[in-house]
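The structure under discussion appears below in the form of structure tokens.
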Amino acid sequence: MIRTAVESDLPAIVAIYNAAVPGRMATADTEPVSVASRRDWFAEHTAGRHPLWVDERDGEIAGWLSLGTFYNRPAWDITAEVSVYVAPAHRRQGVATSLLETAIAEAPALGLRVLIGIIFGHNDPSLALFERSGFERWAFMPRATELDETERDVVFMGRRVDGR
């Protein structure tokens with residue numbers, strides 16, 4: 001069941017995020033984050049504009065997806081950045097696909113026309129997920145980040161969701 005996240009989901013959301021940190025594939029954070037440090041981030045995700053959804057399976061949060069401000073200027077209000085994370089025990093079960101399909105379907109009602117995923121170039125599973133969901137490679141930033149003293153590429157995956 002995909003639903004809007006509530007504050008009591010935040011510990012599970014943070015745990016899922018932190019599970020991705022050591023893999024150095026899905027987040028630019030190099031150390032785990034705390035629930036307290038994510039409270040303001042959680043509060044920024046309003047259901048009517050930039051929601052945070054969770055996929056709950058058998059009473060457990062299997063994954064989450066957030067739509068966030070892409071660039072904090074009025075002209076960019078039609079665009080949102082997509083972040084999606086899945087709990088290790090629920091990977092390869094369609095969680096990320098279901099969440100991304102929800103975001104694509106709901107985005108126009110939120111006043112959004114464009115969704116952007118910012119993905120490390122070595123994160124083949126996420127690049128494939130976004131490609132399967134109709135996203136295209138819109139930008140490539142070679143060696144734009146550094147993780148553990150290794151420079152990493154970044155790929156911007158984009159998709160129009162308004163039918164234009």
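This is a predicted model, so every value here is computed, not measured. Keep in mind that the numbers below use all heavy atoms, side chains included, and drop hydrogens, waters and symmetry copies.
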Notebook entry, point to check: Is Arg3 salt-bridged to Glu56, going by a charged N under 4.0 Å from an acidic O?
Noted result: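 So Arg3 pairs with Glu56 through a salt bridge.
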* Asked: Is the shortest side-chain N to carboxylate O distance from Arg143 to Asp153 below 4.0 Å?
  ->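 Salt bridge absent between Arg143 and Asp153.
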If we only count heavy atoms from C-beta on, is the [X] to [Y] side-chain gap below 4.5 Å?
X	Y	result
Leu67	Leu110	yes
Leu52	Trp41	yes
Arg39	Leu10	yes
Met1	Ser98	no
Ile16	Val86	no
Met157	Arg137	yes
Pro51	His45	no
Glu81	His50	no

Taking atom types as modelled and ignoring hydrogens, do the side chains of His90 and Glu60 form a donor-acceptor contact shorter than 3.5 angstrom?
yes
Are the side chain of [X] and the backbone N or O of [Y] linked by a donor-acceptor pair below 3.5 Å?
X	Y	result
Glu151	Leu147	no
Tyr85	Asn18	no
Asp9	Val6	yes
Arg113	Pro108	no
Ser37	Val33	no

Side chain to side chain contact (heavy atoms under 4.5 Å, CB included) between Phe120 and Thr145, worked out:
CA-CA 9 Å; Phe120 286 123; Thr145 62; 3.3 Å; yes
Atom pair [atom1]/[atom2] of [X] and [Y] - distance to nearest 0.5 Å:
X	Y	atom1	atom2	result
Leu65	Glu106	CG	CD	11.5 Å
Met141	Ile118	CE	CD1	8.5 Å
Phe156	Trp138	CZ	CH2	11.5 Å
Ile61	Ile13	CD1	CD1	6.5 Å
Thr30	Asp148	OG1	CG	7.5 Å
Met25	Asp124	CE	CG	6.5 Å

| message | Under 6.0 Å from the ring centre and within 45 degrees of the ring axis: does the NZ or CZ of Arg38 meet both conditions for the six-membered ring of Tyr17? | response |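 Satisfied, under 6.0 Å and within 45°.
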Review point. Looking at Ile116, Leu100, Leu129, Val155, which one forms a side chain to side chain contact (heavy atoms under 4.5 Å, CB included) with Phe135?
Key: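 Single side chain to side chain contact (heavy atoms under 4.5 Å, CB included) partner of Phe135 among Ile116, Leu100, Leu129, Val155: Leu100.
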Only residue of Trp64, Trp53, Phe130 satisfying side chain to side chain contact (heavy atoms under 4.5 Å, CB included) with Val84 is Phe130
Does atom CZ of Phe140 have more than 12 heavy-atom neighbours from other groups under 6.0 Å away?
yes
key: Phe70-Ile78 co-clustered via ILVMFWY side chain contacts under 4.5 Å   =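 Different clusters: Phe70 never reaches Ile78 through Ile, Leu, Val, Met, Phe, Trp or Tyr contacts under 4.5 Å.
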Indicate if Leu127 and Val82 have the same hydrophobic cluster label, given that clusters are the connected sets of ILVMFWY residues with side-chain heavy-atom separations under 4.5 angstrom.
yes
Closest non-hydrogen atom pair between [X] and [Y], with its separation:
X	Y	result
Arg24	Asp29	NH1-O, 4.5 Å
Gly63	Leu99	C-CD1, 3.7 Å
Ser126	Ile119	CB-CG2, 3.8 Å
Glu7	Phe42	N-CZ, 3.4 Å
Ser133	Ile104	O-CD1, 3.6 Å
Leu115	Ala107	CD2-CB, 4.2 Å

Start with the C-alpha distance between Arg57 and Asp55, add both sets of side-chain angles, then the distance that settles side chain to side chain contact (heavy atoms under 4.5 Å, CB included), and finish with yes or no.
-> CA-CA 6 Å; Arg57 297 182 180 202; Asp55 186 333; 3.1 Å; yes
